[in-house]
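Structure first, commentary second.
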Protein chains: 2
Amino acid sequence: MTDASRTERPAGRRRPRQSDIARVAGVSQAAVSLILRGTPSGMALAKETRQRVLDAAEELGYVPDPVATRLASARNAMLGLYTFSTTFPTDVAHSYYPILAGVEEEAGAQGQDLILFTGSARAAARADDPAAVRRVRVADGCLFFGRHVPEEPIRRLAEDGFPFVYIGRRDEPGIPYVGADYVSASADVVARLAAAGHRELRYLREHDQAPASDDRQEGVLRGARAAGMDTAGLVARTDGGDLDTLLRRWLDEGVTGVVVEQTDTGAALAGLGAAVDRAGLRCPQDLSLAVLGAATGTRGRAPGGGAAFSGFDVPMREMGRDAVRLLLELIAGAPGGATRRLLPCEPVEGGTVAAPRSAKKNT
Amino acid sequence: MTDASRTERPAGRRRPRQSDIARVAGVSQAAVSLILRGTPSGMALAKETRQRVLDAAEELGYVPDPVATRLASARNAMLGLYTFSTTFPTDVAHSYYPILAGVEEEAGAQGQDLILFTGSARAAARADDPAAVRRVRVADGCLFFGRHVPEEPIRRLAEDGFPFVYIGRRDEPGIPYVGADYVSASADVVARLAAAGHRELRYLREHDQAPASDDRQEGVLRGARAAGMDTAGLVARTDGGDLDTLLRRWLDEGVTGVVVEQTDTGAALAGLGAAVDRAGLRCPQDLSLAVLGAATGTRGRAPGGGAAFSGFDVPMREMGRDAVRLLLELIAGAPGGATRRLLPCEPVEGGTVAAPRSAKKNT
DNA sequence: CTGAAAGCGCTTACAG
DNA sequence: CTGAAAGCGCTTACAG
């Protein structure tokens with residue numbers, strides 16, 4: 001490739017590189033590399049020479065090429081963030097925004113730039129295309145997240161020893177992650193409903209499978225058993241038919257409280273909320289409603305009222321921050337603590353849980 | 001660096017590369033590249049040879065190294081996004097989120113990855129440090145945004161012919177941008193207030209200077225003049241003293257409608273809203289209120305009621321998308337259209353503007 | 001203490 | 001139609 005063919009740059013001036021600095025400073029290109037990187041050998045050079053190189057670099061506005069840096073097998077101080085869902089959903093309310101915020105914050109604090117791998121190059125739907133995932137290699141390491149994550153392309157990265165961290169718990173053994181302790185938090189929500197006097201509850205979860213949903217369900221079951229409730233028929237999925245019908249049946253069965261999971265799509269909560277509205281019910285007067293996992297700042301309002309949902313918050317921002325820290329430890333080759341971490345969720349009092357009608361007298 | 005030191009690969013087997021395929025297939029490494037990339041020259045090779053290479057690649061499980069690929073091509077398919085404000089404010093409501101969303105969306109659609117330059121590496125406060133800005137050169141081009149933008153470091157980039165685009169209108173000649181047409185949109189808001197019967201209006205703007213604020217003010221003045229209103233004393237700034245006092249004075253002066261600008265900080269609107277609340281006023285019954293530039297999805301609720309603000313929406317998402325398109329054209333060296341673009345703002349009916357009390361009879 | 005050389009894994013003009 | 005060579009911009013052993 002001739003130099004001319006590369007110069008498609010509008011104004012024509014190409015980026016300065018080490019050899020340019022070398023020419024100006026009158027040293028070899030390799031010396032420039034040594035000096036700029038501040039290596040021991042670089043520092044050992046004559047002070048006067050070093051200064052000349054440093055000055056030239058400054059004057060030319062030199063910035064190292066991260067791709068070349070990485071190919072030559074060093075670090076480039078870039079962390080990747082790869083999402084298997086829409087990174088920026090149109091509906092702000094149900095986004096991963098807080099996670100991004102946390103990742104960005106910590107990356108900045110650690111002097112790392114962030115590369116957003118925005119799904120697949122051509123089709124967002126093919127974000128799990130192995131070739132698409134491979135792109136993350138330009139970074140020193142990568143963060144992954146999304147409700148559903150393809151295992152194959154990630155396994156390859158793992159085999160190759162490429163450092164990465166999941167945001168969200170994973171089942172696959174050995175894979176580093178920073179997740180939320182949904183089990184404990186969900187059990188706690190049920191315990192609070194039981195303490196308020198509820199004996200007949202139902203749990204509505206999304207119809208698809210994901211670690212985050214499985215954990216919530218386990219927590220709900222655990223909480224119900226701890227409260228001495230019957231767990232048969234406790235769990236329902238959004239695909240269990242018409243939600244209006246379901247809700248009516250529950251009321252007929254004497255249900256006084258419903259627990260629903262809030263995920264990235266928010267489908268379960270939105271569907272149930274609409275059904276509650278259509279039934280003309282108010283929360284918590286007619287029905288107590290608890291939500292598992294709304295994120296701070298993105299929580300919606302309860303149907304038939306303006307109260308904040310009762311439940312717990314997912315520490316998304318903190319998950320993002322901690323994932324960056326863990327990734328950096330992995331890149332450095334020295335994980336300081338556990339490589340699989342579960343962060344506690346903050347209970348939220350909210351205003352959609354109260355004592356059931358029939359139990360209003362006490363508790 | 002010895003090969004051994006590179007082999008941190010757990011399983012030990014290093015990734016196959018083109019030269020491995022070449023050896024197996026009995027061709028040159030360059031031929032492998034040609035064939036695998038499916039270039040014209042590659043396709044022109046003997047069918048039999050091509051198949052041998054393809055088979056070998058398949059058998060070895062070859063996947064191209066994206067780092068090397070990018071280094072060898074002129075472009076690295078990375079776009080920068082540099083913010084001179086907090087990229088991810090904690091308060092989601094007043095964030096640039098929709099712009100980010102648009103940028104991410106279009107970048108993904110165009111097969112570009114996004115590098116988030118999170119202010120300065122060490123101190124967010126020094127985001128306007130020239131050295132910090134220089135880092136953007138690692139990308140093929142860069143998007144800039146923020147209410148206040150330092151001119152010096154950018155000028156330097158322009159001199160060097162580095163492709164970049166501002167999100168938001170700029171005064172500096174020649175600088176490419178994608179902004180919003182605040183002038184027209186603001187004039188239109190005043191026109192609507194006038195059409196509703198308002199004759200005595202006030203405009204409250206932020207105290208600091210920025211193109212976005214200047215444009216709104218110009219639009220307001222233009223709209224007022226078009227409606228035959230007196231523009232003396234029309235404009236007030238948030239630093240014009242206590243807002244409660246200001247509001248009381250306005251009411252004494254017979255003001256029936258207030259226009260306020262909504263910027264990233266949201267200070268003017270928040271302050272005025274609070275003052276209106278404290279004065280016990282309801283919108284639009286006691287006072288009409290129009291907001292210049294709330295972004296879709298991040299708009300707040302009017303004081304003394306739950307109505308959405310009347311005014312206009314800033315097409316943030318579309319600005320983000322269009323800025324990416326323009327940047328890509330600049331990088332390719334062939335801007336298809338204007339390099340300075342103003343996008344129209346969508347009028348928002350809202351519920352905070354009504355006929356003034358004294359004019360309730362008609363209009 | 002300093003410099004020249006090889007190499008990272010690709011792409012692409014260019015010569016047979 | 002095919003192959004060998006140079007180059008992308010760095011890092012890092014290695015030889016003077």
Side-chain angles (χ1 to χ4, degrees), chain A residues 1-9 14-23 25-50 52-53 57 60 62-78 134-135 137-138 140 160, chain B residues 1-9 14-23 25-50 52-53 57 60 62-77 137-138 140:
Chain A
M1 175 186 279
T2 70
D3 190 71
S5 83
R6 288 191 66 87
T7 310
E8 300 172 56
R9 205 168 291 277
R14 94 181 140 42
R15 300 174 34 153
R17 44 193 187 216
Q18 292 184 345
S19 59
D20 296 321
I21 299 175
R23 200 176 335 104
V27 298
S28 72
Q29 174 266 321
V32 171
S33 172
L34 260 18
I35 292 171
L36 257 27
R37 297 199 54 242
T39 58
S41 351
M43 299 305 283
L45 297 188
K47 190 164 192 295
E48 208 269 344
T49 308
R50 288 188 53 232
R52 236 176 31 239
V53 167
L60 294 174
Y62 173 77
V63 191
D65 181 328
V67 176
T69 303
R70 191 138 166 83
L71 180 59
S73 170
R75 304 272 159 67
N76 62 11
M78 298 207 256
R134 212 159 46 223
R135 289 165 26 234
R137 286 176 168 282
V138 306
D140 291 342
D160 291 350
Chain B
M1 177 184 279
T2 68
D3 190 71
S5 82
R6 290 190 66 86
T7 310
E8 300 174 55
R9 201 169 297 279
R14 99 180 139 43
R15 303 173 32 149
R17 46 196 185 214
Q18 292 184 346
S19 59
D20 295 323
I21 300 176
R23 200 176 336 104
V27 298
S28 73
Q29 174 264 320
V32 172
S33 172
L34 261 18
I35 293 170
L36 256 29
R37 297 198 55 240
T39 58
S41 355
M43 298 305 284
L45 296 188
K47 191 162 193 294
E48 206 271 342
T49 308
R50 290 188 52 233
R52 237 177 29 239
V53 167
L60 293 174
Y62 172 79
V63 290
D65 181 331
V67 180
T69 304
R70 288 188 184 192
L71 180 59
S73 345
R75 308 270 162 66
N76 63 18
R137 303 190 69 156
V138 306
D140 289 338

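Quick note: numbers below take in every heavy atom, side chains included, and nothing from hydrogens, waters or symmetry partners. Every chain is numbered from 1 and lettered A, B, ... according to where its sequence line falls, protein lines coming before strand lines.
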- Nucleotide nearest B:A72 (side chain, heavy atoms from C-beta), chosen from D:dG9, D:dG7, C:dT12: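 Closest nucleotide to the B:A72 side chain: D:dG7.
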- Task: Give the nucleotide from the list D:dC8, C:dC10, D:dT12 with an atom nearest to the side chain of B:Q18.
- Result: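 Looking only at side-chain atoms, B:Q18 lies closest to C:dC10.
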- Whole-Å distance separating the CZ atom of A:R134 from the P atom of C:dC10: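 Going from A:R134 (CZ) to C:dC10 (P), I get 10 Å.
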- Message: Restricting to side-chain hydrogen bond (donor to acceptor under 3.5 Å, both in side chains), what partner residues turn up for B:S28, sequence neighbours left out?
- Response: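 Once residues adjacent in sequence are excluded, B:S28 has no partner under the side-chain hydrogen bond (donor to acceptor under 3.5 Å, both in side chains) criterion.
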- Listed partners of A:R52 passing side-chain hydrogen bond (donor to acceptor under 3.5 Å, both in side chains), at least two apart: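 Testing A:R52 for side-chain hydrogen bond (donor to acceptor under 3.5 Å, both in side chains), a comparison that skips the adjacent residues, returns A:E48.
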Checking all strands, does [X] fall into the base, sugar-phosphate, or nothing category for heavy-atom contacts under 4.0 angstrom?
{"X": "B:R37", "value": "sugar-phosphate"}
{"X": "B:V138", "value": "nothing"}
{"X": "B:T69", "value": "sugar-phosphate"}

- Task: Could you tell me whether the side chain of B:N76 and the main chain of B:V138 form a donor-acceptor pair under 3.5 Å?
- Result: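 Flag set: sc B:N76 to bb B:V138 pair under 3.5 Å.
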Applying side-chain contact (heavy atoms from CB on, under 4.5 Å), name anything that partners [X], two or more places apart in sequence or on another chain.
{"X": "B:R23", "answer": "B:D20"}
{"X": "A:L34", "answer": "A:T39, A:S41"}
{"X": "B:A77", "answer": "B:R70, B:Q112"}

- Task: May I ask you to evaluate whether A:S33 reaches the phosphate of D:dT11, defined as a side-chain N or O under 4.0 Å from OP1 or OP2?
- Result: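 Looking at the OP1 and OP2 atoms of D:dT11, one of them is under 4.0 Å from a side-chain N or O of A:S33.
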Nucleotide N/O to protein N/O under 3.5 Å, stretch nucleotides 2-5 of chain D:
residue: D:dT2; atom: OP2; partner: B:A46; partner atom: N; Å: 2.4

- Where DNA chain C forms stems, i.e. three or more consecutive Watson-Crick or G-U pairs with both distances under 3.5 Å: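 For DNA chain C the paired stretches long enough to count as stems (3 pairs minimum) are C:1-3 with D:14-16, C:5-12 with D:5-12, C:14-16 with D:1-3.
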